[in-house]
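One structure is given here, and the rest of the page talks about it.
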Amino acid sequence: MLYLCLALCAVISTFFVGRFLSAKTRLVEKSIDETIARRLSVSPITTELAALKEENGVMRNLLIDMVENETSLSQTTPMSKADKARAENSRRLRRREIFGEAIFTLQRTQDTQRSAPYSKIRS
């Protein structure tokens, strides 16, 4: 009976020590992750990545606008010649606006890349 009690105490203490060490490991890993996140938040690469995400969203929206503009004029809808000409003119003007916005975005991106050459990742 004495051996059974000793074995039971050893198993229980091993369980609690394992849980304690596991919790301590998780706390250390959490503090390491927080330190890495804090260091990366002030990194110029993170700032550049945020700008690229923003520009990517703008270009994606412009592409969606282009597709919607090109499909806006349905060929199956009966229209008079004047209405059809007006719709074609409106579509052409919108296409020019979208292309102008895309060119402006690309030029702004190129200007940003020229002004911050230090943020390039070099191997």
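Quick caveat, the model's predicted, so the values are computed rather than measured. Only heavy atoms go into these numbers, but all of them, side chains included; no hydrogens, no water, no symmetry mates. Residue numbers count from 1 along this sequence.
Hydrophobic clustering of Ile, Leu, Val, Met, Phe, Trp and Tyr side chains at less than 4.5 Å, counting indirect connections, unites Met59 with Leu63. There is a path of hydrophobic side-chain contacts, each under 4.5 Å, that joins Phe16 to Leu8. Following chains of ILVMFWY side-chain contacts shorter than 4.5 Å, one can reach Ile36 starting from Val28, so the two form part of one hydrophobic cluster.
Atom CG of Leu62 and atom CD1 of Ile103 lie 11.0 Å apart (nearest 0.5 Å). To the nearest 0.5 Å, atom CG of residue Asp65 and atom CZ of residue Arg94 are 5.0 Å apart. For the atom pair CG of Leu21 and CZ of Arg26, the computed distance is 11.0 Å after rounding to the nearest 0.5 Å. Expressed to the nearest 0.5 Å, how far OG1 of Thr14 lies from CZ of Arg19 amounts to 14.0 Å. Rounding to the nearest 0.5 Å places CE of Met66 at 11.5 Å from CD1 of Ile64. If you take OG on Ser90 and CZ on Arg95, they are separated by 11.0 Å, rounding to the nearest 0.5 Å.
A donor-acceptor pair under 3.5 Å is absent between the side-chain atoms of Ser22 and the main chain of Gly18, judged by distance alone.
Contact annotation: the side chain of Cys9 never approaches that of Leu6 to less than 4.5 Å [non-hydrogen atoms, C-beta and beyond].
Counting heavy-atom neighbours within 6.0 Å of Glu54 CD, excluding the residue itself, gives a total of 12 or less.
Using a 4.0 Å cut-off between charged nitrogen and carboxylate oxygen, Lys30 and Asp33 do not count as a salt-bridge pair.
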